[in-house]
Amino acid sequence: MTALDAIDRNILRLLRLDARMSNARLAAEVGLSPSACLRRIKLMEQAGVIRGYTALVDASNAESTIAVIINITLERQTEDHLDRFEAAVRKHPEIRECFLMTGGSDYLLRVEVANAGEFERIHKEILSAMPGVSRIHSSFAIRNVLATKPRGRTKRN
């Protein structure tokens, strides 16, 4: 696939907002015929630009979980150490996201747990056993600001 143009980027933007949008509506929004729009989507899927579709679940309507953000520092930052750590992360579905970072830590991970006891198990059995880990710093999230509606504010006089 050639480089993405403005129409492709617009299609991606709209799909990020609503991946269930009908092809006819999507085509109208980007100024294409439905067949041309669908052809572009299929090309982006085949090229791996679009890797899949997912459902965003409202935590207030699903089982209650706590997001834990974890900063991992490795003993060494060689290609071998990074590769071994990343291979180990891929084996654990408990780890929902893993980012290679710049700055004070090497990786940022996100896990979701039901309670502190479940996180303790993940910390002991998974995170502490990862190859090359020298430091683990964990923070429990209070609330995902972007996933919740703004609270009503009262006016001050």
Side-chain angles (χ1 to χ4, degrees), residues 1 3-4 7-23 25-26 29-30 37-38 40-153:
M1 179 172 188
L4 300 179
I7 294 173
D8 292 329
R9 289 189 297 276
N10 200 14
I11 290 170
L12 292 173
R13 180 185 63 80
L14 290 167
L15 287 174
R16 283 187 189 113
L17 293 172
D18 182 5
R20 295 188 64 177
M21 178 184 299
S22 73
N23 183 58
R25 182 171 160 225
L26 181 60
E29 291 275 339
V30 299
C37 185
L38 188 58
R40 283 177 179 254
I41 291 170
K42 294 297 180 197
L43 284 171
M44 287 189 280
E45 288 173 348
Q46 291 168 358
V49 174
I50 297 174
R51 296 182 307 159
Y53 300 89
T54 190
L56 300 176
V57 179
D58 182 0
S60 65
N61 293 328
E63 64 180 64
S64 183
T65 59
I66 302 165
V68 184
I69 307 302
I70 306 153
N71 291 293
I72 301 285
T73 303
L74 298 181
E75 295 167 348
R76 300 181 64 196
Q77 289 74 32
T78 64
E79 186 174 352
D80 179 58
H81 277 75
L82 298 174
D83 289 345
R84 288 189 309 133
F85 178 81
E86 290 174 16
V89 164
R90 287 186 180 95
K91 294 178 183 175
H92 298 284
E94 297 90 343
I95 301 171
R96 301 290 178 93
E97 293 181 282
C98 177
F99 299 94
L100 178 61
M101 303 296 291
T102 63
S105 61
D106 297 310
Y107 289 92
L108 183 140
L109 282 59
R110 182 181 63 85
V111 301
E112 290 181 12
V113 296
N115 53 49
E118 184 182 352
F119 180 70
E120 180 181 15
R121 180 195 64 79
I122 290 171
H123 188 281
K124 284 181 181 178
E125 297 175 9
I126 297 172
L127 300 174
S128 297
M130 293 269 177
V133 171
S134 69
R135 185 167 189 271
I136 301 169
H137 180 269
S138 306
S139 300
F140 283 70
I142 296 170
R143 170 173 55 93
N144 183 340
V145 174
L146 297 178
T148 57
K149 293 181 181 179
R151 296 180 183 175
R153 299 195 185 250

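Heavy atoms only: backbone and side chains are in, while hydrogens, waters and symmetry mates are out.
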Evaluate Ile126 against Glu94 for side chain to side chain contact (heavy atoms under 4.5 Å, CB included), listing each step before the verdict. CA-CA 9 Å; Ile126 297 172; Glu94 297 90 343; 3.6 Å; yes
Calculate, to the nearest 0.5 Å, the distance between atoms [atom1] and [atom2] belonging to [X] and [Y] respectively.
X     : Y      : atom1 : atom2 : answer
Ile50 : Lys42  : CD1   : NZ    : 9.0 Å
Leu38 : Asn23  : CG    : CG    : 5.0 Å
Ile72 : Met130 : CD1   : CE    : 7.5 Å
Arg25 : Glu29  : CZ    : CD    : 5.5 Å
Ile70 : His137 : CD1   : NE2   : 11.0 Å
Arg13 : Asp18  : CZ    : CG    : 12.0 Å

Looking only at heavy atoms, which two atoms of [X] and [Y] are closest? And how far apart?
X      : Y      : answer
Ser138 : Val68  : CB-CG1, 4.1 Å
Leu74  : Pro131 : CD2-O, 4.1 Å
Asp106 : Gln77  : OD2-NE2, 2.9 Å
Tyr53  : Ile41  : OH-CG2, 3.7 Å
Met44  : Ile11  : CE-CG2, 3.8 Å
Leu109 : Cys98  : CD1-SG, 4.0 Å

Exam field: side chain [X] to backbone [Y], donor-acceptor pair closer than 3.5 Å:
X      : Y      : value
Arg9   : Leu4   : yes
Asn71  : Ser105 : no
Ser134 : Thr73  : yes

Counterpart residues, salt bridge (charged side-chain N to carboxylate O under 4.0 Å, His left out), relative to Glu118 (two or more places apart):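 Checked Glu118 against salt bridge (charged side-chain N to carboxylate O under 4.0 Å, His left out); zero matches.
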Residue pairs, two or more places apart or on separate chains, that pass ring-ring contact (aromatic ring centres under 6.0 Å, His included) and touch residues 75-113: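 Listed by first then second residue: Phe85-Tyr107.
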Do Val133 and Leu127 come close enough that some side-chain heavy atom pair is under 4.5 Å?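 Not in contact.
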Under the criterion side chain to side chain contact (heavy atoms under 4.5 Å, CB included), I'd like the reasoning laid out for Asp8 against Leu43: C-alpha separation, chi angles, the key distance, then a yes or no. CA-CA 10 Å; Asp8 292 329; Leu43 284 171; over 6 Å; no
Decide if atom CZ of Arg76 counts as having more than 12 heavy atoms of other residues, nucleotides or ligands within a radius under 6.0 Å.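 At most 12 heavy atoms, drawn from other residues, nucleotides or ligands, come within 6.0 Å of this atom.
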Using a 6.0 Å cut-off, check whether atom CD1 of Ile142 has over 12 heavy atoms from anything other than its own residue.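 Incorrect, the count does not exceed 12.
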Quick one: list whatever passes side chain to side chain contact (heavy atoms under 4.5 Å, CB included) with Thr102, sequence neighbours left out.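 Residues passing side chain to side chain contact (heavy atoms under 4.5 Å, CB included) with Thr102: none at all.
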